[in-house]
Structure formats: C-alpha cells, structure tokens
Amino acid sequence: RGGATEPPQGRLTGSLLSAATAAATGAALTVSTGLARCGNGATRRIACAATVVSQEARAAPARAGDAALLAQLKEATALLEELTREWEGLAADGRGSGGDMAVTGLVARDNDLRASLRGFPLGDPSETTTVPRHACGDAVVAAHGATTAALIKAELARAEWEVRSSQVLQASSFNLTSSLVNIALLRLRLFDIDGSYEKLQDAVASGGADARLGLLTRYTAQLKAPRHADFLLECADRGPGNASRALLDKMRAVFLKSSYTAKMVCAATKAGSMSEFIFVESRADKLEMGLLDSIEEANPMKPDPPGKLQVPTDLVDLVRIFLLHRVLPLARLCQLLGPDVLSLLLRLRVVQALDGDECRIVEPTEAAAAVAGNNMCCGGFFVVSNVALWPVEDDLLIATDFEQTYSAEDVEPVMYLSEDSLALASGAPRVKASSVLDVCCGSGVQGIVALRYYADSATFVDLNPRALRFVRFNLALNGLSHKATGMYTGSVYDALPVDAGPYDAIVANPPFVPNPYGIASGGGAMYGNGGNTGEEVLAAIVQGAHKMLKPGGRLSTVTMAPNVEGLPGRIEGWYAAGTGTSTASFDALVFRGKPTPAGQYLPTSTSVETHRYQEALRDVGMETISEVVAVIMAGGSGGPNAQLAGEPRPDLWSDQVFLRTVVQNTAADTVGAAAAPASQRQPPPQQTQRAAPAAAPAQRPVDNRGREGCLPGFQPGFFPGYATGPSPGWEETSSELERIALAMAQPPLRAQR
C-alpha cells in the first residue's frame, strides 16, 4: 500500500518475509521479502468496521483437533529448547556437564526430534526458512512458528559448538569458512542481520573458500545499510536545506538528461511494465540482459534496423544501481552524478559505499573523503543504492525502499511503487485543486503527482515516521518542497491539527491485505495490513471524509475489495457512520476488476499459514477479491449514491489507457451525473448469511503457493536464492570432532608403557 495507518487488528510488527522450503539436501533458501497483494470477498455480509483497532491480533476460534496439534508442537519446542541449552553448555571436547562424551547423544536426539516433526499434519516446521515475526492470534500458527524458531536456534547452537570445538582441537579437515557461512545463514533466518554480517566478515577473514560467501556478504550489507538510524535523517525534520536542494536539482537533471523515464526504462530493459521491477532481485538478470542488448556496439556487418531504440549509455548504469539493485564502482557513480551530488547521497545514506570482497560497510565520512581525495578512483570502493528510484509520469522521480527492507520493531519499510500505486496516480481525477491531502502517503507519490499536475498545495500523513523522511526527500528531488503545507505522523485524520482542512481532494492508498487473526506473514507489514477483512483502514478514511472535504471535494482511493458487489453498500454505511445520518448526500463510483476467488490468494509463507488462512477467510465470509479504484464526491442533494461503474475490467490496475481516459475523466467530470438518482437506483445486492463451514480435518493441505505469481498485484519475493543452506553433513562432522576429542583424551602411548 502507499503508506500506513494504525494497523488494524493489531500493530503487527512482523516482517513480510515469507519462506519456501530449504531442503535437507542444501537446496536454495528462498525467503520472500515482498508484500503479497490481496483483497477480500464474500456473499456473507462483511462488517463495516471503521475504527482503528487494538494492539493485539484477535484470537482465532479453536478448531477441531487443535488441542492435539498444540500439544505436539509445544512438546517439540520444549525439547528443542533443552537441546539448545545442552549444545551451548557443551565443552569443546564434546563433554557434557557430567563429564561424559555427549555429542553422539545430542545428534541422535536432534535427528529424532526432526524426524517426528516431518509428518506434522500442517507442515514440517523445519521447512519454514525464517522464524515468523508477525503477531498472530491463531494458536496453532503461533505454536508452529515457535517450533520453527526452536529448530533454527538448536541448529545454530550446534553449529557454533562445532566452530568452538574445531578451533580448540585444531581439526585440520574442518572447513572453518563454510561453517561460519552456515552460522551466518542461520542468523539470517532469525533476522539477526548484524550477527549474520559479522559472521560473514569473520568468514572472509578466515581465508578459506566458500562459493556462497561473495554473494551473501553483499546481500547482508544491502539488508543492513538502509536500516541505519541516520538514514535520510537530514530529511527527518524540515527536509534538505537550500544547498542540498540545489544538488538534488542537479541530480534530477542528470536523470532526465539520461531519459530516465518509465517509457524509456521499459523499452531499454524489454520490460512489459514497471511492475517487473517489483521484487527485482529475482528478475534482475533478465532485465539487465535486455538493458545490455539495447546498447550493443554498432556492427558494420549488421546495420541497425530503421527506428532502432537509441539508449543513452548513462541510463544503463543508473537503471542498474537504482532499479536493479546492482553494485557499481563508486568512481562510476561519481562520474555520473558529480562528486558534490555523490557526497550528499552518501551523507543521507541514499547510497552506501562498500569495501572489498567482504563488502565492508564504509562510513559516509570515509567514503566522502575518498571522493574528495581522488574522484577518479574514489578509494577503490564500490557502491549500492539503499533506495529504489522509480520514474513516474513524464519527469518525476520517486524514492522508496527496496522490497528487501523488511518490517521489524526498529524499521517499517516504505513500500515500492506497485500496480495499485500507479493505478491510483493514473485514475484520480486531475481537477484543479488548491489543497490536497495524501493519507497513508508512504513515499508521497500520490500527493507529488497531484502537485505536479493539478494541486497548488499538499499535506501528507502516515503512521510510519520513515515514510515522511522519504516524502521530504522526494519533494526536494522533484523541486516541490515549497508546495508542501504539512507532514504529520499518525493514524488517518487523527494525525492532523484540529484546524486542518477542509481539502479539495483526498488521495488514499491504504493498507488492504486481509489478515484475519493476523495469520498471514504476508500481511504483517504496516503498509499492508488491512485487518480481518482488509477494509478497516479504508473504512476509517471514508468515515471521516465528510469532515475533511469541501463541498464537491473528492476522495480517490484504491483497494482490493472483498465481494465487490457489496462495496457500494459498505461505502454508504461507512459514510453514514461518519456523518451520523443515513441520508447524507454524496456520490461514489466504484471501478472494479474481474473477481478472483479468495481461495487463490495466499499471502502466506508456510503450509500451516495457508491452511488456517483459508479457513479464516471462510470465517469472515470472503469469497472473491477484486481490484478497485473508487472516487467519492462529497455534497449534493440526492442522498447517498454509491454504485458500481460499468462492467468488471480485466487487469484494471495495469490498464493505463482505461484509467487515464475513462476513470480519471469520468470521475472528474460526471461523478454525480454518471450515477442515477437515489430514487431510481437499485439497492445493492442482498448478501445472504450462511453458517461457517465445519472445520476441515487436520491434514496436510496441498501447497498452492506456486499460483501466487498469477494473482493480480502479487509477485514472488526474494532472498539469496543462489545461496544454499547449511551443509547436510554436519552429523558426520560432529562425529569426527568427537573422535578427535576422544583420541586427545587418551594418555600418550609412551606414558601407557
């Protein structure tokens, strides 16, 4: 979503990391850091909740068989925690607290525990690549996650004992480098990014070889750098000063001179749309090959065809670093942007200098000194970008977090630009406005587009303080800082001063991932979590709109709607709740895409989440989800008048022609005229009540996660898929260490004689 408000159904601080299987044979880890896009639906009436909700995920109802499942998981977790303590207390020579050799017994117990969990009806907890971090009200899902965490911690304790033992016993056959990489991966699975980064630095210093090392050092550096407390700190209060704004103007001019526009970027990379740059780590190779093909050197034996695309050479490296998340020599970025601009970006931590194969994170002062000292070599450092820079419309640049930046207690990411963001920017009416309010603003893209094309001033609101750092940076980068009248941290309209508004227009891209009982890890981030039905933040925005809009003012929003045929009725209910009367006049048009069965939407990372999430969707009455762009106009005299506009549109969000020529213009010119008078309208279809289905038997469900990539607005995520997990041969290694320890414990042969 564009931004965040007080998270519905709990302040979910879990990350959006979803995981595929890390096979015992050392298959690739595939942790997904992106937000799954989803919606909601049902013929059953969905509640018109319109308030910001509690700090804890609501408790899910107990289901048949839960007691037995919980007992098995809790027993396994307790045994694994005991095993971890024993590995941690094990002496380097393999002796336990009683003085007996204990390694073989610990290995056997570990194997038995893992074997007992492989047949767990809702999925083997060891197949979850990362420890779940989101608050969850489903007891079975939460217990399953606790078992996963206990498994990883037990494996980590064993791996760290191996390293201690090998160093004390000086085992010549022990591969210290690979063992340190394994520990780093286990810490990564626990989201201990700092610990993982430090272990990888140790692995480089050990002098050994491991094929995973170079890629993982870069990856952890890319995870660690944008989480620094000083990230965009200069933009945290009043935004960049005048000198910095001048440098950002210079930077923007470089991008525009290099034709850094959506049209050129897509043509040069052979991408179908900018959506292909979402979760780019899994697609970067293909996009980069297209980019390099576009600048192939002229061949006199093969003349260029007429009209061949002419791609500026500088565009290639700008796309590589700011969209494909590639590493460049620092000297090359200095050549592109100039030393003064580069020094500013280093100071803001927009880009991060790295040193050597270990990808040591270089402090901005050290990197800037290297640039100033010799801008032809810049100390031999490399550089990565901590932000994605998206070309928007004709000449706007919008910075966001990359999708790798995961949700945690210390950092909530600011969402990348996806189909829903671009759909709202294209579909919102561009009628002249003196003032615009951007709610759930995220990067500020909606308000900035408004300032560029139709608004004199804009106010920005988001619950995430990091979002407002991005807003200030993006305003300065686009030369629009002077048009921002306020930036406020808080939930929806509560963040605004008491005398704020009313506004000519409100644009809102609220969180809309349905996450009943907080089950789905893919709905845990602040910018995605829309509560049990996915509509709780939207409901709060609609409910308060009448106070914040001038007569004739409009609210433009985007969402994935559950059971979209009932959305007009729900909008009328929310609006009435805010005004205190069911006869308050307003008009609303709901443009929607074709509905997708709710059963095909899986913002989940494990089999247990998938199984319980689908049950929870049935509990709250969801049957379908649909892409929606809606426009509400306040005032009038015909009473409440919300209705569906036309027929469902295939791929609504990606149909830019339809959004610009139909949605934008129809909503701008004829919101009131397009809808029939209230007296002539048919009431919204009645939604019949139905009983909740009986609980499904506790059995392992079919894993349908492969279908996620086909769903509207959802793309698979990324972790270092090229990095294999810990070696499966650790039992043999432990046995070898135990044999060495036993041999060393024997008295020397001469002494025996």
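Because the structure is a prediction, the values reported are computed rather than measured.
Counting heavy atoms from C-beta outward, Leu232 and Arg349 have side chains that stay 4.5 Å or more apart. For the pair Leu538 and Trp574, the minimum side-chain heavy-atom distance is below 4.5 Å. Residues Leu389 and Leu323 form no side-chain contact, since every pair of their non-hydrogen atoms from C-beta on lies 4.5 Å or further apart.
Of the possible donor and acceptor atoms, none in the side chain of Gln643 sits under 3.5 Å from a partner among the backbone N and O of Ala588. Side chain of His325 to main chain of Phe402: no donor-acceptor pair is present (N/O by atom type, distance under 3.5 Å, no hydrogens or angles). In this structure a side-chain-to-backbone donor-acceptor pair under 3.5 Å is present from Glu403 to Val280. Remark: the backbone N or O of Ala399 is paired with a side-chain donor or acceptor of Asn474 at under 3.5 angstrom. The backbone N or O of Met264 lies less than 3.5 Å from a partner atom in the side chain of Thr261, making a donor-acceptor pair. A distance-only check finds no donor-acceptor pair linking the side chain of Arg570 to the backbone of Glu535 [under 3.5 Å]. The closest donor-acceptor contact from the side chain of Asp655 to the backbone of Phe658 lies under 3.5 Å. Of the possible donor and acceptor atoms, none in the side chain of Asp462 sits under 3.5 Å from a partner among the backbone N and O of Ala467. Using a distance-only test at 3.5 Å, with no hydrogens or angles considered, a donor-acceptor pair links the side chain of Ser585 to the main chain of Gly639.
Residues satisfying the side chain to side chain donor-acceptor pair (under 3.5 Å) test with Thr485, not counting sequence neighbours, are Thr459. Residues satisfying the side chain to side chain donor-acceptor pair (under 3.5 Å) criterion with Asp504, sequence neighbours excluded, are Ser434, Lys550. Applying the side chain to side chain donor-acceptor pair (under 3.5 Å) test to Thr557 and every residue at least two apart in sequence or in another chain returns nothing. Shown here are the ring-ring contact (aromatic ring centres under 6.0 Å, His included) partners of Phe277, two or more places apart in sequence or in another chain: there are none. With sequence neighbours left out, the side chain to side chain contact (heavy atoms under 4.5 Å, CB included) criterion links Arg252 to Leu256, Asp395, Leu397, Leu477, Asn478. In this structure, the salt bridge (Lys or Arg N to Asp or Glu O under 4.0 Å) partners of Asp456, at least two apart in sequence or on a different chain, are Lys432. Annotation: side chain to side chain donor-acceptor pair (under 3.5 Å) contacts of Glu393 (sequence neighbours excluded): Arg430, Arg660. Not counting sequence neighbours, Asp499 has no partner by the salt bridge (Lys or Arg N to Asp or Glu O under 4.0 Å) test. Lys547 meets the salt bridge (Lys or Arg N to Asp or Glu O under 4.0 Å) test with no other residue; sequence neighbours excluded. With sequence neighbours left out, Lys263 forms a salt bridge (Lys or Arg N to Asp or Glu O under 4.0 Å) with no residue at all.
Put simply, CG on Asn641 and CG on Asp587 are 4.5 Å apart, with the number rounded to the nearest 0.5 Å. Note that CG of Leu437 is 9.5 Å distant from CZ of Phe460, once rounded to the nearest 0.5 Å. One distance of note links CZ of Arg469 with CG of Asn464; it measures 10.0 Å at 0.5 Å rounding. Between the CG atom in Asp401 and the OH atom in Tyr416 there is a gap of 11.5 Å [rounded to 0.5 Å]. Distance check, rounded to the nearest 0.5 Å: CG of Leu348 to CG of Leu233 gives 9.5 Å. The CG atom of Asn386 sits 8.0 Å away from the OG1 atom of Thr405 when rounded to the nearest 0.5 Å.
The two residues Glu572 and Ala642 have their closest heavy-atom pair at OE2-N, 3.2 Å. Of all heavy-atom pairs between Ala584 and Thr579, the closest is CB-OG1, 3.5 Å. For the pair Ser443 and Leu417, the tightest heavy-atom approach, listed with the atom from each and the gap, is OG-CD2, 4.0 Å. Here the closest non-hydrogen pair linking Pro516 and Ala616 is CG-CB, 3.6 Å. Considering every non-hydrogen atom in both Ala495 and Gly490, the closest pair reads CB-CA, 3.4 Å. Heavy-atom minimum distance, Leu247 versus Val341: O-CG2, 3.6 Å.
With no hydrogens or angles considered, a side-chain donor-acceptor pair links Ser244 and Glu234 at under 3.5 Å. Remark: the Ser654 side chain and the Glu419 side chain contain no N/O donor-acceptor pair separated by less than 3.5 Å. Side chain to side chain, Asn532 and Asn515 fail the donor-acceptor criterion of an N or O pair below 3.5 Å. Residues Thr581 and Thr583 have side chains that bring a donor and an acceptor to within less than 3.5 angstrom of each other.
Among residues at least two apart or in separate chains, there is no ring-ring contact (aromatic ring centres under 6.0 Å, His included) pair with a member in residues 477-508. For residues 439-451, no pair satisfies salt bridge (charged side-chain N to carboxylate O under 4.0 Å, His left out), with sequence neighbours left out.
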**Request:** In sequence, state the C-alpha distance, the side-chain angles, and the governing distance for Phe231 and Phe473, and then conclude on ring pair (Phe, Tyr, Trp, His ring centres under 6.0 Å).
**Result:** CA-CA 11 Å; Phe231 175 76; Phe473 177 79; 8.7 Å; no
**Item:** Trace of the side-chain contact (heavy atoms from CB on, under 4.5 Å) decision for Arg245 with Ser481
**Value:** CA-CA 9 Å; Arg245 290 177 190 173; Ser481 298; 3.9 Å; yes
**Request:** With side-chain contact (heavy atoms from CB on, under 4.5 Å) as the test, would you mind laying out the steps for Ile571 and Val590 before giving the verdict?
**Result:** CA-CA 10 Å; Ile571 288 175; Val590 176; 3.9 Å; yes
**Message:** Walk me through whether Met274 and Cys266 qualify under side-chain contact (heavy atoms from CB on, under 4.5 Å).
**Reply:** CA-CA 7 Å; Met274 290 304 297; Cys266 289; 3.7 Å; yes
**Criterion side-chain contact (heavy atoms from CB on, under 4.5 Å) on Ile506 and Arg554, from CA distance to verdict** = CA-CA 6 Å; Ile506 299 173; Arg554 58 202 175 275; over 6 Å; no
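Using a 4.0 Å cut-off between charged side-chain N and carboxylate O, Arg592 and Glu627 make no salt bridge.
Classification of the Tyr260-Phe255 ring pair by plane angle, with boundaries at 30° and 60°, yields perpendicular.
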